[in-house]
Q: 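I'd like to ask you about the structure that follows.
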Amino acid sequence: MKLTVVGCSGSFPSAESACSSYLVEADGFRLLLDMGNGALGELQRHCGLYDLDAIFLSHLHADHCIDMCAYFVARYYRHDGGRCDPIPVYGPEGTEQRLTTAYADTPSASSMSEVFDFHTVKPSTFEVGPFTVHTERVAHPVEAYGIRIEHGGRVLTYSGDTGVTDTLDELARDADLFLCEAAFTHGKENIPDLHLNGREAGETAARAGARRLVLTHVPPWTDPQVNLVDARAVYDGPVELAVPRVSYEI
């Protein structure tokens, strides 16, 4: 598998990065994890607008899904080649309604489903192209999912947005790469079931036995270097910060 960081800023885009979006590729198949603010523009550095094969939305906060409205425009109103066939979109209950409401002026109530083939995510295991995908509910104020992606004996886990939860430990069990949110700062914010800090991300990786930890979803008001140090203090494996346009072979 190949993982490319499209955007990694949390809450809102930074001067350096779009919000959460990650491209996963294997066997010519392209799966996008989340499409937050600014992600659609950055995505075009890595693949064509119509080259995605499936999209997974971890939850329906704007910094993880709002550029789906712009992507709707690109797919629905395409003139050259005609309208695109629907692309599979895996998201929580109500994803179609959320995007339709956010766009606010679709030609009809069903226009989104003319270019997006919506599938409701629940805790389950299923196939997406060449990937075996396992999803579990994580700890966040809205319905939110972490995802474990397996291919060719390798494992990628993406936390989505979450507080500390045993579920995430299991999703990341023995993962070759654990892409984990670290929005908060240890000793500063202490809000249960919302976000992890760098130390908690490191502790989760250690409990799970993950082989590599990449911290992501760090908002502009959080010092990423502090979170990096905090994660390294409790996790002995390699740790780094997600950086836009960086790719990992898994």
Side-chain angles (χ1 to χ4, degrees), residues 1 3 5 8 10 20 22 24 31 33-34 56-61 63-64 90-92 121-128 131-219 222 224 226-242 248 250:
M1 289 184 284
L3 167 69
V5 178
C8 55
S20 292
Y22 314 93
V24 184
L31 169 64
L33 309 179
D34 285 338
F56 169 81
L57 300 177
S58 64
H59 64 292
L60 300 179
H61 280 154
D63 58 326
H64 292 258
Y90 300 85
V121 172
K122 297 294 181 184
S124 60
T125 300
F126 52 99
E127 305 297 317
V128 180
F131 304 115
T132 298
V133 166
H134 183 70
T135 53
E136 289 288 353
R137 184 89 180 254
V138 290
H140 205 51
V142 300
E143 185 178 359
Y145 291 88
I147 185 171
R148 179 184 177 95
I149 302 171
E150 301 184 20
H151 175 73
R154 298 287 181 154
V155 176
L156 163 66
T157 297
Y158 169 48
S159 66
D161 279 9
T162 182
V164 176
T165 171
D166 292 343
T167 300
L168 184 59
D169 293 7
E170 291 308 310
L171 282 174
R173 183 73 56 201
D174 298 323
D176 295 284
L177 191 149
F178 181 25
L179 181 64
C180 186
E181 77 118 284
F184 284 166
T185 303
H186 178 61
K188 180 182 177 184
E189 299 103 339
N190 184 23
I191 306 172
D193 298 335
L194 183 58
H195 289 297
L196 300 172
N197 58 46
R199 184 179 183 88
E200 289 167 336
E203 290 171 339
T204 300
R207 288 192 301 267
R211 296 179 178 89
R212 185 178 192 180
L213 175 61
V214 178
L215 303 178
T216 193
H217 196 272
V218 180
T222 295
V226 170
N227 283 8
L228 184 62
V229 169
D230 287 347
R232 286 175 171 164
V234 294
Y235 172 66
D236 292 335
V239 189
E240 59 196 282
L241 295 166
Y248 303 88
I250 303 169

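What's counted below: heavy atoms across the whole structure, side chains too, no hydrogens, waters or symmetry copies.
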Q: With side-chain contact (heavy atoms from CB on, under 4.5 Å) as the test, would you mind laying out the steps for Glu181 and His195 before giving the verdict?
A: CA-CA 7 Å; Glu181 77 118 284; His195 289 297; 2.6 Å; yes
Q: Determine, step by step, whether Thr125 and Val133 satisfy the side-chain contact (heavy atoms from CB on, under 4.5 Å) criterion, reporting the C-alpha distance in whole Å, the side-chain angles of both residues, the deciding distance to 0.1 Å, and the verdict.
A: CA-CA 6 Å; Thr125 300; Val133 166; over 6 Å; no
Q: Pick one: which of Asp63, Thr162, Asp34 meets side-chain hydrogen bond (donor to acceptor under 3.5 Å, both in side chains) with His217?
A: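 The option that passes is Asp63.
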Q: Can Arg199 and Glu203 be counted as an ion pair, charged N to O under 4.0 angstrom?
A: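 A salt bridge is present here (some side-chain N lies under 4.0 Å from a carboxylate O).
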Q: If every non-hydrogen atom of Ser159 is compared with every non-hydrogen atom of Phe178, which pair is closest and at what distance?
A: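 Answer, listing the atom of Ser159 first, then Phe178: CB-CE1, 4.3 Å.
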Q: Where do Arg148 and Glu136 land on the salt bridge (charged side-chain N to carboxylate O under 4.0 Å, His left out) test, with the steps shown first?
A: CA-CA 9 Å; Arg148 179 184 177 95; Glu136 289 288 353; over 6 Å; no
Q: Rounded to the nearest 0.5 Å, what's the gap from OH on Tyr145 to CG on Leu57? Could you check?
A: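 Atom-to-atom, Tyr145:OH and Leu57:CG are 12.5 Å apart.
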Q: What's the separation between atom OG1 in Thr157 and atom CG in Leu168, rounded to the nearest 0.5 Å?
A: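 It comes to 8.0 Å.
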Q: Would you compute the distance between atom CG of Leu179 and atom OG of Ser20 and round it to the nearest 0.5 angstrom?
A: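 Those atoms lie 8.0 Å apart.
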Q: Rounded at 0.5 Å granularity, tell me how far CG in Leu196 sits from CG in Asp230.
A: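 Nearest 0.5 Å value for the CG-CG distance: 12.5 Å.
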Q: Before we go on, tell me: are the rings of Phe126 and Tyr90 under 6.0 Å apart, centre to centre?
A: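 Yes, the ring of Phe126 comes within the 6.0 Å limit of the ring of Tyr90, centre to centre.
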Q: Between the main-chain N or O of Val218 and the side-chain N or O of Thr222, is there a donor-acceptor pair closer than 3.5 Å?
A: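 A pair under 3.5 Å: no.
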Q: Run Val142 and His61 through side-chain contact (heavy atoms from CB on, under 4.5 Å) and show every step you take.
A: CA-CA 8 Å; Val142 300; His61 280 154; 3.5 Å; yes
Q: Could you tell me which non-hydrogen atom of Ile147 sits nearest to which non-hydrogen atom of Thr135, and how far apart they are?
A: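 In terms of heavy atoms, the two residues are closest at CG1-CG2, 4.1 Å.
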Q: What is the minimum heavy-atom distance between Leu31 and Phe56, and which atoms define it?
A: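 Of all heavy-atom pairs spanning Leu31 and Phe56, the closest is CD1-N, 4.1 Å.
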Q: Can you name the closest pair of heavy atoms from Thr216 and Cys8 and give their distance?
A: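 Looks like OG1-CB, 3.2 Å.
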Q: Per the side-chain contact (heavy atoms from CB on, under 4.5 Å) rule, which among Arg212, Arg154, Arg211 passes with Ile250?
A: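 Single pass found, and it is Arg154.
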Q: Taking the inter-plane angle between the rings of His140 and His59 on a 0 to 90° scale, is it parallel (under 30°), tilted (30 to 60°) or perpendicular (over 60°)?
A: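 Judged by the thresholds at 30° and 60°, the geometry between His140 and His59 is perpendicular.
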Q: Between the side chain of Asp169 and the main-chain N/O of Ala208, is any donor-acceptor distance below 3.5 Å?
A: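 No, because the side chain of Asp169 does not come within donor-acceptor range (under 3.5 Å) of the backbone of Ala208.
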Q: For side-chain contact (heavy atoms from CB on, under 4.5 Å), just list the numbers for Thr185 and Asn227, CA-CA rounded to whole Å, side-chain angles, deciding distance to a tenth of an Å, and then say yes or no.
A: CA-CA 6 Å; Thr185 303; Asn227 283 8; 4.1 Å; yes
Q: What heavy-atom pair brings Met1 and Leu156 nearest, and what distance separates the two atoms?
A: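 Answer, listing the atom of Met1 first, then Leu156: CE-N, 3.9 Å.
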Q: Looking at Arg207 and Glu170, is any side-chain nitrogen of the basic one under 4.0 Å from a carboxylate oxygen of the acidic one?
A: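 No salt bridge links Glu170 with Arg207.
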Q: Looking at OG1 of Thr132 and CD1 of Ile149, how far apart are the two atoms once the value is rounded to the nearest 0.5 Å?
A: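 Answer for the OG1-CD1 pair, Thr132 versus Ile149, is 10.5 Å.
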Q: Enter the distance from Tyr235:OH to Leu215:CG here, rounded to the nearest 0.5 Å.
A: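 Between Tyr235 OH and Leu215 CG, I get 10.5 Å after rounding to 0.5 Å.
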Q: Compare every heavy atom of Cys180 with every heavy atom of Leu213, then report the nearest pair and how far apart it is.
A: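 Taking every non-hydrogen atom into account, CD1-CB, 3.8 Å.
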